[in-house]
**Student:** 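Here it is, the structure, as structure tokens.
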Amino acid sequence: MNKSGKTAQEFIQSSFSPIIAILCSPKVDNIVSKNNLSLAELLQPFANLDWEGQFRDPGGSICSVKNWKIIIRDVNWKPVQPMEARRQLNNAALHNYNEKTISLDLEGRKFDVPQLTPWFDAWRETYLEVQFPSDHEFTKHYLACIIVGTTQEENIIDCFNSLNQQYAQLQNVTPPKLPKWFNSGVLKTYLLLHDVSCVTKEKADTAFDTLKQTFGANNCFLLSINSKSTTDSHLSTDYWTNCVKRTLDADNSVSLSNLPTTPLEPQPVITSSNIANTADDTSSITSSTNQELLHPLTTTENDVYDNANSLQTHSFSGSSESVSVTGKVADYTTEVHGAALNANDIEAIKKFLQEYASKSLLPYLEKQISQLSEAVANRKGVSRSLLSATKRWFGTGKGGNTTVNNTVIYSNDCPELQLRRLGDLWFMCGQWQRAFDTYHTAKREFYADSAWLCYAGALEMAAISAFMAGDSNRKTQGYMEESIVTYLNTCRMVQYAVRATLLSVLCLSNAGLHGEAAKQLIRMTSEDSDLRSAMLLEQAALCFLAGPGSKAMCRKYAFHMVLSGHRFSKAGQKKHAYRCYKQAYQVYEGSGWRLATDHVQFALGRLASALRRPRAAVQWLAGPLAPPAGPAHAPQPPHQQDAFLREYMLAHQQWIESCEEFRDAVPPLPLPLLERGATALLCVGPAPLSSPGRVPASSLALHRADSAHNLHWYKLEEMLLQVAQGAVPMIFKPTVDLYTESTDANPIVPQGEPLQISLTLRNPLKISLLLKDAELLWKFVPITNDTEGHEEEVLNNEPFVAAGQALESNIIYGQKIKSVLLEGECTKVLTFSVTPLKVGQLCIHGLAYKLINAGEGGNGNGNSVMISGKVNLLSDTNSFDKRLHINVIPETPCLQMTFSETPSDAISGEIRAIDMELRNVGPVDMKNIHIAVSHPECITLINDDIQEDDFKALYLEKYQEQPVYAEERMGRVQAWRARAAQHARPLRGGSSDSGSGSSSGRGSTVRSGAAARARLLLRPRSTAPELLLLAYYETGDRTRPYRLLRHVFRFRVTEAVEVSVIPLRSIRTVKNEVFENMNLNVEFKNVTSEKDENIAVKILEASLLSRQWKLTDITAAKDSDDPLTAYEKLHTILKAQRNLGEMPEGKVDYSCLKIAKDHRESVADVNSIPYSKFVTDSRTSLLEMNFEDTGNQRSGLIQSMLVIRWVAVDKAKQRSAIGQHCVWLECFTKAQSWETEILKPEIPSLQLEENNSKIDFLDVKKKTRTDNIVLFKLEHTNLIDHNFHQKKLCLIPITINIINCYGVPVNVFIDMTQQQSRDSFGELGWAGALHNGPDAEGEESKDLGVRVSIDRFSSRRLRMSALCAAPGSYLVGSGFTLTATVDSTTRPATLCSNNASLLVVRQSA
């Protein structure tokens, strides 16, 4: 529990202080009333005696009394009526409201909890004060009586005698009623009140002397008051503020016909043979042995505010809001107290009370303790009641849940009650241990007599005494637990169970047993008293939080705070309910418990509305609708969400009506939610008007994600800058036209061009929302034309929208969406268009709309509530978000680009020609237009005046020698420029430039309103189904010097033709001349799938683009002209010979072979457009710029481009397509295909002609080179008959034909000494002129052979003689090794012959 203003010991001691009665004459009230006080009220603030008194116990020991407090009451005091008691309890909670909190760090989180609970302290004190005095305890009985008279009395003695008679009547009423006295002989003293302002001091002294002579000097006191004169200052402190309590008069009280006019009084003093009837001034009540002691908050019947299902037989606390809130109570806060008193009077009052306590009250208590101790000692072992003795001997003990039914009725002076009186006296004197011993003895006596009410009271006081003595333990704490259970279940006296619980909680909390304290508090909650239950639940919640840091139970704290807030709300204590719910929300906030959090927020919203806090109500009620964090979908059912929304909209209306700030502003609304990350702004100018047969450039779109190509677009832009401006800026920043969350730049839009804004709204609820009149809120700051950049007045449309007016201006033209229906749990994208008409700065900060709850059915009817509000588009957390801060620049040119329509279905390699129109719709001329493409091998821009091509692009890519640069950086720069020139070219005169597209050229200029046209050639491929095109043009404005326009050609590409080529070499002898030939084994295949099996392919032409080779002939099947259907193949052999002539630099020659000669598309050669534009096979990547491998340093012996033209006919779509495939041939025996490289070294070639080069395939696995520098061919007879008997050696003539395959001279050495080992063949010797090998440094070298030098592409015939000494089989090629050297710096390449030249030598007859 939270700490209160008093310690537990101080509170307990003050709750059980001695009570003194005051019996006053009528004139006393007249004197005291000058101060707006009664005498009891006048004395009470000074009844806390700051002195230490002493008395002796019966054993003679000295006992000290410290910090004694006495309670002074009028003798006619009575507990308030139940309705008044309820009002006081409610006011105690209401008027002590406090919001001060302290911060606690629990479970890694900080919670603000109440620093003090003054409302609970006031309610607890009030609850104890309004209790009716009971006869089972004597702490609430009058211990003494002060009889008060005044010096204004004419006869002092007669006045006091009359008062004595009144006292005697009150003391001797039988049966007793209020007032209740501690015993029959209470202390009686006399006080003479002297009004200094009316009576002289001499008269007062004389009257006091007479009084002392009559009643004794020790029993008489004089008190002088009203001494203030006109010169005295007012009292600086109002001592009586907290002591004065006013009750409602009869005229102001709530009238309930079923309530008695006075409280019901118990009758504990009954003789053993009689049961008397008692009556008071206004009603008579019949009592019996089963009578219950009633609390002043108890009625014989439940009133309209009590719950009939209470666990108790009677209600004992009200929960009426009308009692505490609607009841009109007189305002006494402006009363002036002590107006006739001065400081001397205050000191006199203090002196009187101290003297009274020390000289009269304390000696009287000492005497009473002595007498009671003696009486108790004498009664041991003697039973004063036959019934008591019988019960004690034969009783069965306490019943568990039986209603109180005391069979023992104690008389007023019975020893058991005397024992209880003794314990109460010890307790009120602060002698805690003696009080515990006495109560402990008494509780055994009461238990034996089955006097359960007295037994519970003795247990209660014994536990409290042990706590005050500092000896509290589990056993004494168990006494209090048993006392509460007995009060509650056996006696059915809930009011005493509540009191015992309040005291027990103090003891348990002081001992650190907060969990036990919480259990006791929770047990005392019930449905019949909302205020009491709320107070106890709140204290239980604080107990859960009061444990050690590791044991603090935050969730239980929050749960019981919610319960407490609910009960406070039912009791009409809205402020306390709001405070409790707010405390609980700290735990539930951010916990993910949506149902609990939504309930708490909804309750807080309704309570805030009831407390006239509309702003807070709107904030709380907005929470369940759109929480800042949590699951994407709310767990509440639709009808609950509908209720939440209705409540919010009503609160919102009240807030708007009561708030002046929204006269010129639109309030924010929690629904719908804005997907802030999806907000996008597009500045690309207006789209072209639709035209039949024309397709506009795809450009950028708000709703189409194109982020996958962003890097490609940036690279294309960089290339365009290189070509159009000659260089790329040192710090290159790509142009941004689509501004999203990832961009970090202010949008730039030219004056007069519309910009599009995309907002994504999400409805998190399961019910539909209807938005009306949705429009953007903006602020515009125009900029004048002066050089100082002076800013004019800010133009804001929000005040006009808030007032429901239309803003008529020629500055900003905006769009309004009339109606938008958001279905439950759906996301919808809204697109707005805004056109700035002046130069300046535009900020779009909100979306205004009217919200209508369409309900669960999704239909908004005429009765639906409609509220106006907005969604803030600017982020409060991200100050770097510049998406909606727009700079409006002066007018610039604006490009609209359209293309002739083309089908999206395409065959890989198909060639298409489309028309492109570029129109300037801006008011300024458009200059230096350039076009960049992502795949130059698939898309190209052409000029209409050029019909043929010299294949310069192929030459640059494959044949041109790269210069050598001293610095690597310079080489990279030149490679980058060449790469950029391939992708980007200027648009000149409406057609493309057929040159290299150097950066020095300027593009065309298109005037305002004019258009330029150009022709594009497309060749989609399966590896490039999306072809990017980027248009560039210059604006002339420094802020935005150039603009860009994008377009993407998207195709669904189908593979139909597959081409694979295996190049082979051979040597052919013509007229004793040896020539190198090339055979191309070409395989055509229709690879269409089953769904495209209607596509037939026909091969039209084969072309070879080369600087070394040319096609000469073709070998094909007779039906090669027939179309290839799905999965069919066509094999052809293309024959080519080396071109030995000199080829000028920069030129690539071509040779064609017509396969389908009768087809019209095979008439044109490959050098004509469009075929000449697609003769490269480069698969360039914009992002992978590999400058190390430039692509034109070739080491192969072929270095030729094979181009296959074909036609495909789609019978299903009635469409034909012309296309061509290109295959770059680099090395022999290496299979190549259209898209991939295929290696098939294990497949031998066909024997196509004589002396075909078998050397390339036998034993190929042992070779590491795919090309030889030279080729050789052996000429000799295959069979020789020789008579070795006649001639020992056989001389065989052999001719070696050697061909240089390189374009440079080579040196060849034939080593005759190194023969390859062949087990089954013999060895040959050689005869003839032999020379040293290439590495010979003198005569020591043993390598002998033939050395020869061969020019480029030339051949030599070497005649030699082989020797054999025996008949057999010989492999001529294995008899030598050939070594070739290109130049002196090149390492020699040794080639071992594996030629299968078989020579058979037979023995002749």
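A quick note: this is a predicted structure, and the numbers were derived from the prediction, not measured.
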**Student:** So, using side-chain hydrogen bond (donor to acceptor under 3.5 Å, both in side chains) as the criterion, who are the partners of Arg1205 when residues are at least two apart?
**Tutor:** Glu1101

**Student:** With sequence neighbours left out, what residues match Tyr1042 under ring pair (Phe, Tyr, Trp, His ring centres under 6.0 Å)?
**Tutor:** Tyr1032

**Student:** Could you pull out all residues at least two apart from Asp915 that satisfy salt bridge (Lys or Arg N to Asp or Glu O under 4.0 Å)?
**Tutor:** Arg694, Arg1013

**Student:** Flag the pair Val1223 / Val1082 as yes when at least one side-chain heavy-atom distance between them is below 4.5 Å, and no otherwise.
**Tutor:** no

**Student:** Which residues pass the side-chain hydrogen bond (donor to acceptor under 3.5 Å, both in side chains) test with Glu967, not counting sequence neighbours?
**Tutor:** none

**Student:** Tell me, please, which residues at least two apart from Thr902 pass side-chain hydrogen bond (donor to acceptor under 3.5 Å, both in side chains).
**Tutor:** Arg912

**Student:** According to side-chain contact (heavy atoms from CB on, under 4.5 Å), who are the partners of Ala1056, at least two apart in sequence or on a separate chain?
**Tutor:** Ile907, Thr1088, Ile1095, Val1097

**Student:** By ring pair (Phe, Tyr, Trp, His ring centres under 6.0 Å), which residues pair with Phe1051, not counting sequence neighbours?
**Tutor:** none

**Student:** Is the NZ atom of Lys927 crowded by more than 12 outside heavy atoms at less than 6.0 Å?
**Tutor:** no

**Student:** Rounded to the nearest 0.5 Å, how far apart are NZ of Lys1173 and CG of Leu941?
**Tutor:** 9.0 Å

**Student:** I need the Arg1043 CZ to Met926 CE distance, nearest 0.5 Å.
**Tutor:** 10.5 Å

**Student:** What I'd like to find out is whether the side chain of Tyr1171 reaches to under 4.5 Å of the side chain of Ile1218, using heavy atoms alone.
**Tutor:** yes

**Student:** Do side-chain atoms of Ser1004 reach the backbone of Ile929 as a donor and acceptor pair under 3.5 angstrom?
**Tutor:** no

**Student:** For Asn1307, which residues count as a side-chain hydrogen bond (donor to acceptor under 3.5 Å, both in side chains) partner, sequence neighbours excluded?
**Tutor:** Ser1349

**Student:** With sequence neighbours excluded, tell me which residues meet side-chain contact (heavy atoms from CB on, under 4.5 Å) with Lys1085.
**Tutor:** Glu1058, Val1087, Lys1129

**Student:** Mind checking salt bridge (Lys or Arg N to Asp or Glu O under 4.0 Å) for Arg1356 and listing every partner two or more places apart, or none if nothing turns up?
**Tutor:** none

**Student:** Applying side-chain contact (heavy atoms from CB on, under 4.5 Å), can you list everything that pairs with Gln974, at least two apart in sequence or on another chain?
**Tutor:** Tyr965, Met970, Arg977

**Student:** How would you list, by chain and number, every residue that makes a side-chain contact (heavy atoms from CB on, under 4.5 Å) with Pro1025, sequence neighbours excluded?
**Tutor:** Val1053

**Student:** Can you measure from OG (Ser1200) to OH (Tyr959) and round to the nearest 0.5 angstrom?
**Tutor:** 5.0 Å

**Student:** Examine the side chains of Tyr955 and Glu1145 and answer whether a donor and an acceptor come within less than 3.5 Å of each other.
**Tutor:** yes

